[in-house]
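Okay, structure first, notes after.
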Amino acid sequence: MRNFEVISDATAMAPWRRPMAGACVALMLTVTTACGTLIRNPVPPELTNAAIVPGMPDVRAWAAHASPAMQNDMVLSFKQESRVDFPVGTDGRVLYSHLLLSGGGANGAFGSGLLNGWTKTGFRPVFKIVTGVSTGALMAPYAFLGPKYDDALRELYTTTRSQNIFVSGSLFGMISQLFFGEALADTGPLATMIARHVDEDFVREVAAAHSQGRRLYIGTADLDAQRFVVWNMGLIAQAAYPDKVRLFRKVMLASASIPVVFPPVFFDVEAGGRLFDEMHVDGGVAAMVFFNAGLFSPSVARKAAGTVPGHDRIFVIHNGQLAPPAPTPTPRTVRGISSRVLEAAGRSAVIGDLFRIYTIAQREGAEYRWVTIPDNVNLRGDEFFDPVLMTSLYELGFKRGLAGGDWNTRLPGELHHLRSGVE
């Protein structure tokens, strides 16, 4: 068995999804009860809510709790925005488009292709808000900065191989890690790749877009607090903080770090006048895709800013499939049962996210559009990140983008079937 198969068998059925983390953690608890743990300096439970990134107290917030800092920043965004990016229409309103990018591992090739095809139509809008989780977190900064990074996005999702993302080592080494380590693989290659693309100039561009009223958010999961954390990446980018580029990269890496399979990412935080660390992993543990995560209301912020009236369109790109495959018998093995559970629970979780965002769209008076990979497309490759499969998904997404996206406007349960794609 090739090394990558040890990893892909555990994750390919439902890549970077929240149920996978729960099952993996349960497995770890079962087999390592008697084993020691690696030394760390976690935030004491009583100080959890007070923990901040030193020098940048407002760059992140817990999801599902209204954040005055995030709301005020959204108010500021409407005051900052350029009428070049957000012109007033003939109806006297500004049309705001928002882009939400889901997790899905190598399937992100579909979303990157769709974005690039959308660019070719000449109708791809400047996005007011861009959010990303997991592979969506790797895509989001490029999508946020616009078509000038289309080539980089295409290269990322058509030429990347498993070896460019992680190093798994020998089977014996992974078994040893299962008992005495914190992950089965090393994401040093992914960290290196992020650092190569996300340099000071790149972060400076994000800061400039932020100062023009646009917002970029990435989600991670804080395992200590068991909460979804939303990071205001533009605020990080423009902060007078000497290590902001490194922090920017770490957030991206954390959001894409599959728990147990990949190492967690630790953030230095301050609470009660002391320094501690927080353990963060793939944001898909808590949400596969999100809009405002309950932190702020764009419509309320727009009114508070006293600017021109607006209308919102929310676009969701799901880098995965919702329709289950044809029924097949589940093997009576731990691997067979766990894989099937992860697959089913993962699809259910994504559907829940789509319904949640729909509810938010209704409350905000926004249009709601989403797209997913057609159910008849084979997502199995020869390795975890297979350039051949990714190129095929990219081309499928590109055709979809050229055709106008073919966006769904009805909820999954209202569709008789999921469309098979562009003819």
Side-chain angles (χ1 to χ4, degrees), residues 52-53 56-89 93-101 125-133 136-137 140-141 143-146 203 205-220 227-239 244 248 251 255 283 287 289-316 353 356-368:
I52 63 170
V53 176
M56 293 192 289
D58 297 330
V59 298
R60 62 183 197 162
W62 303 118
H65 294 276
S67 168
M70 288 285 193
Q71 184 69 31
N72 291 337
D73 182 66
M74 183 54 57
V75 172
L76 177 62
S77 77
F78 287 105
K79 296 179 179 179
Q80 293 173 319
E81 66 189 28
S82 163
R83 285 291 161 254
V84 175
D85 291 336
F86 303 104
V88 179
R93 299 188 301 173
V94 175
L95 179 60
Y96 294 103
S97 297
H98 312 294
L99 178 67
L100 285 49
L101 300 168
V126 174
F127 298 111
K128 173 73 173 179
I129 295 173
V130 175
T131 74
V133 173
F144 181 71
L145 292 179
V203 173
E205 288 186 51
V206 173
H210 183 88
S211 67
Q212 294 171 355
R214 301 174 58 221
R215 295 296 181 262
L216 171 63
Y217 303 110
I218 286 178
T220 65
R227 289 179 172 180
F228 187 60
V229 181
V230 176
W231 298 78
N232 190 334
M233 303 301 286
L235 205 56
I236 293 175
Q238 69 172 195
K244 65 184 179 184
F248 195 103
V251 174
S255 187
V289 63
F290 73 100
F291 178 40
N292 63 357
L295 298 174
F296 57 83
S297 167
S299 61
V300 172
R302 190 160 52 233
K303 292 178 181 178
T307 58
V308 179
H311 178 65
D312 298 283
R313 294 186 305 180
I314 298 174
F315 295 94
V316 182
D353 290 333
R356 185 179 301 109
I357 296 168
Y358 172 78
T359 301
I360 294 172
Q362 292 294 299
R363 187 182 63 202
E364 294 287 322
E367 297 177 34
Y368 178 64

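Scope of the values below: all heavy atoms of this structure, side chains included, with no hydrogens, waters or symmetry mates.
A pairwise comparison of heavy atoms in Phe228 and Gly283 identifies CE1-O, 3.6 Å as the closest pair. Taking each heavy atom of Met74 and Lys128 in turn, the nearest pair found is SD-CE, 4.5 Å. Here the closest heavy-atom approach between residue Gly234 and residue Val206 is recorded as CA-CG1, 4.0 Å.
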Which donor-acceptor pairs under 3.5 Å do side chains of residues 293-306 form with protein atoms, sequence neighbours excluded?
residue : atom : partner : partner atom : Å
Ser297  : OG   : Ser299  : OG           : 3.2
Ser297  : OG   : Val300  : N            : 3.2
Ser297  : OG   : Glu364  : OE2          : 2.7
Ser299  : OG   : Glu364  : OE1          : 2.8
Arg302  : NH1  : Asp312  : OD2          : 3.3
Arg302  : NH2  : Asp312  : OD2          : 3.1

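Under the 4.5 Å side-chain criterion, counting only non-hydrogen atoms from C-beta, Met233 is not in contact with Phe144. Between Val289 and Val133 there is no side-chain heavy-atom pair separated by less than 4.5 Å. Two residues are said to be in side-chain contact when any heavy atoms from C-beta on lie closer than 4.5 Å; Asp353 and Arg356 meet this criterion.
Residues satisfying the side chain to side chain contact (heavy atoms under 4.5 Å, CB included) criterion with Ser82, sequence neighbours excluded, are Val84, Asp85. Every residue two or more places apart in sequence or in another chain that forms a side chain to side chain contact (heavy atoms under 4.5 Å, CB included) with Ala69 is listed here: Asp58, Ser67.
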Next item on the list: Would you check, one step at a time, whether the test side chain to side chain contact (heavy atoms under 4.5 Å, CB included) holds for Arg60 with Ile236?
Entry: CA-CA 9 Å; Arg60 62 183 197 162; Ile236 293 175; over 6 Å; no
Next item on the list: Evaluate the criterion side chain to side chain contact (heavy atoms under 4.5 Å, CB included) for residue pair Trp62 and Val229; output intermediate values, then yes/no.
Entry: CA-CA 5 Å; Trp62 303 118; Val229 181; 3.6 Å; yes
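Below 30°, between 30° and 60°, or above 60°: for Tyr96 and Phe86 the angle between ring planes is between 30° and 60°, a tilted geometry. Ring geometry, Phe291 versus His98: the interplanar angle falls from 30° to 60°, so the pair is classed tilted.
Between the side chain of Ser255 and the main chain of Gly219, a donor-acceptor pair closer than 3.5 Å is present.
The CG atom of Leu100 sits 8.5 Å away from the OH atom of Tyr368 when rounded to the nearest 0.5 Å. Atom CD of residue Gln362 and atom CD of residue Glu367 lie 11.5 Å apart, to the nearest 0.5 angstrom. Interatomic distance, Ile360 CD1 to Tyr358 OH, rounded to the nearest 0.5 Å: 13.0 Å. The CG atom of Asn232 sits 10.5 Å away from the CE atom of Met56 when rounded to the nearest 0.5 Å. Interatomic distance, Arg215 CZ to His210 NE2, rounded to the nearest 0.5 Å: 3.5 Å. Within the model, atoms OG1 of Thr131 and CD1 of Ile218 stand 9.5 Å from one another, a figure rounded to the nearest 0.5 Å.
At a threshold of 4.0 Å, the pair Glu81-Lys79 does not count as salt-bridged, since none of the basic side-chain nitrogens sits closer than that to a carboxylate oxygen.
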